[in-house]
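Down below is the structure, laid out as structure tokens.
Predicted model only: the values in this text are computed from it and were never measured.
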Amino acid sequence: MEEINPRLNSKTGGLTYSAAVVFYFALSLIASLIITAAKLENGSDAYLYINYLVSPIAIGICIATILSNKKLSFKSIFPVKCHPKYYLIGLLLIYGLLFSLSWVNEVSVKFFGLFGYEPREAGSYLPNLSGGYSVLAILVIAVLPAFCEELLFRGAILNCCENGMGSIRTVFVVGFCFSLFHGSPEQTVYQFIAGCAFAFLAVRSRSILPSVMMHFINNALIIIFAACNLYGEDGNLIISSGGNIALTVTSALALVGAVIWLILDKTPLKKCEKGGVKLFFIFASVGIAALGLLWLLSLFGVG
């Protein structure tokens with residue numbers, strides 16, 4: 001039987017989430033001071049890259065702090081060995097998520113629009129992608145988040161929480177925390193679904209690498225499509241109606257097939273311990289409250 005490190009528990013998972021948020025807000029303030037001091041224009045490449053680097057750096061500091069404070073090994077939150085089939089499942093999942101659930105964001109925008117929400121233009125999120133600049137964008141926007149965010153959510157938080165609240169509850173809690181961390185109302189539902197899918201794959205594979213691969217592909221394809229001018233003014237891919245139908249149908253089948261494959265997988269799931277969920281939310285409350293407020297401010301266009 002696998003020996004469980006007693007320090008990998010719901011309390012540590014909650015503390016890790018709150019710590020990541022605190023470091024994120026602290027570094028965001030520092031980034032704002034740098035931007036102001038350098039008189040960088042809102043939306044400029046330098047402005048965007050500084051903001052994109054805040055989260056990975058905050059997560060890196062958080063993980064280093066938690067590992068040192070709790071005397072945990074990096075391996076305990078970053079398991080890598082798994083059967084190759086999980087990479088195939090990951091490819092099916094991300095193909096399905098990207099191309100069969102694009103409508104989720106559109107529905108979310110319309111719903112939140114009832115409360116006065118106005119989303120930013122898609123292009124305003126991305127820096128210059130011409131020529132070699134696209135390589136820099138992939139490194140900062142695809143590679144770093146894929147590693148750092150997976151290390152935090154499907155690494156530290158998942159491996160801590162699963163021991164206390166069980167596998168199934170952990171999948172949904174990690175999905176919720178992942179979605180809230182991004183603070184984007186129009187992408188909240190999609191990111192929750194994606195966060196749960198990534199977590200479920202990590203639970204079954206007992207490895208973080210398949211979800212790192214999925215996360216990288218998701219972000220990198222968005223950058224590549226934008227660099228190739230494959231997005232229309234509505235933010236959707238420029239594709240023929242027939243191609244769109246084929247893409248939607250095949251991706252939906254891939255998503256359903258991958259989920260069924262994971263459900264039928266034989267990797268044992270962990271059971272919830274009494275008080276495990278409550279303990280997590282107690283210690284994650286600081287992070288959840290701060291990000292919840294930020295989410296509301298973003299919804300109503302404040303800040």
Donor + acceptor pair across side chains of Y86, T267 (<3.5 Å): yes
Neighbour count >12 (heavy atoms, 6.0 Å) for atom OH, Y133: no
Polar contact flag, side-chain donor to acceptor under 3.5 angstrom, Y190-S102: no
Connected via hydrophobic side-chain network under 4.5 Å: I263 and L91: yes
Pairing residues for A290 by the side-chain contact (heavy atoms from CB on, under 4.5 Å) criterion, not counting sequence neighbours: V21, F25
Interatomic distance, C160 atom SG to L72 atom CG [nearest 0.5 angstrom]: 6.5 Å
Cluster check L279, V173: I/L/V/M/F/W/Y, side chain < 4.5 angstrom: no
Parallel, tilted or perpendicular: rings of H215 and F178 (30°, 60°): perpendicular
Residue pairs passing the salt bridge (charged side-chain N to carboxylate O under 4.0 Å, His left out) test where at least one lies in residues 82-98, sequence neighbours excluded: K85-D265
Note, N51 side chain near I35 side chain (heavy atom, < 4.5 Å): yes
Contact check, side chains of F280 and I157, non-hydrogen atoms, under 4.5 Å: yes
Any donor-acceptor pair under 3.5 Å from N159 side chain to G155 backbone: yes
Exam field: side chain S68 to backbone A64, donor-acceptor pair closer than 3.5 Å: no
With E162 via salt bridge (charged side-chain N to carboxylate O under 4.0 Å, His left out) - residues at least two apart: R206
F172 atom CZ, over 12 foreign heavy atoms within 6.0 Å: no
Residues I59, F23; criterion side-chain contact (heavy atoms from CB on, under 4.5 Å); working and verdict: CA-CA 8 Å; I59 290 174; F23 284 124; over 6 Å; no
Distance (rounded to the nearest 0.5 Å) between L237 CG and Y231 OH: 5.5 Å
Least distance between heavy atoms, V54 atom then A31 atom: CG2-CB, 3.7 Å
Distance, nearest 0.5 Å, that separates CG of L48 from CD1 of I141: 7.5 Å
Whether F181 and Y17 hold their rings parallel, tilted or perpendicular, with breakpoints at 30° and 60°: tilted
Pairwise salt bridge (charged side-chain N to carboxylate O under 4.0 Å, His left out) hits with a residue in residues 127-154, at least two apart: E150-R154
Pairs meeting criterion salt bridge (charged side-chain N to carboxylate O under 4.0 Å, His left out) with involvement of residues 9-30, two or more places apart: none
Least distance between heavy atoms, S18 atom then G287 atom: OG-N, 3.2 Å
Non-hydrogen atoms of S298 and P185 that approach each other most closely: OG-CD, 3.5 Å
Spacing of CG belonging to L151 relative to CD1 belonging to I63, to within rounding of 0.5 Å: 4.5 Å
F283/T16 under side-chain contact (heavy atoms from CB on, under 4.5 Å): CA gap, chis, key distance, verdict: CA-CA 9 Å; F283 287 94; T16 301; over 6 Å; no
S285 vs F281 side-chain heavy atoms within contact, under 4.5 Å: no
F153 vs F176, ring-ring contact (aromatic ring centres under 6.0 Å, His included): CA-CA, chis, key distance, verdict: CA-CA 10 Å; F153 292 101; F176 164 74; over 10 Å; no
Side chain proximity check, N9 to N163, heavy atoms < 4.5 angstrom: no
Transitive ILVMFWY side-chain link I168 to V259, under 4.5 Å: yes
M213 reachable from I94 in the ILVMFWY side-chain graph, under 4.5 Å edges: yes
Any donor-acceptor N/O pair, S100 side chain to G96 backbone, under 3.5 Å: yes
Donor-acceptor side-chain pairing of T248 and W103 below 3.5 angstrom: no
Sub-4.5 Å side-chain heavy-atom contact between Y52 and Y47: no
Nearest-0.5 Å distance, CG of residue N218 to CG of residue L93: 12.0 Å
K271: salt bridge (charged side-chain N to carboxylate O under 4.0 Å, His left out) partners, not counting sequence neighbours: none
Closest non-hydrogen atom pair between L97 and F198, with its separation: CD1-CE1, 4.1 Å
Worked verdict on L255 versus L92 for side-chain contact (heavy atoms from CB on, under 4.5 Å): CA-CA 6 Å; L255 180 60; L92 292 173; over 6 Å; no
Worked check of side-chain contact (heavy atoms from CB on, under 4.5 Å) between L144 and L53: CA-CA 8 Å; L144 286 180; L53 287 171; 3.7 Å; yes
4.5 Å side-chain heavy-atom contact, I77 and L67: yes
Over all atoms of both residues, closest heavy-atom pair of N105 and E186: OD1-O, 3.0 Å
Worked verdict on T188 versus W295 for side chain to side chain donor-acceptor pair (under 3.5 Å): CA-CA 10 Å; T188 294; W295 188 92; 2.8 Å; yes
Student check: side-chain heavy atoms of T250 and F99 closer than 4.5 Å: no
Common cluster, V135/L126, ILVMFWY with side-chain heavy-atom separation under 4.5 Å: no
S44 OG to N128 CG distance, which is reported to the nearest 0.5 Å: 11.5 Å
Taking every non-hydrogen atom, the tightest pair across S207 and C82: CB-CB, 3.5 Å
Side chains of F192 and C196 in contact at under 4.5 Å (non-hydrogen atoms): yes
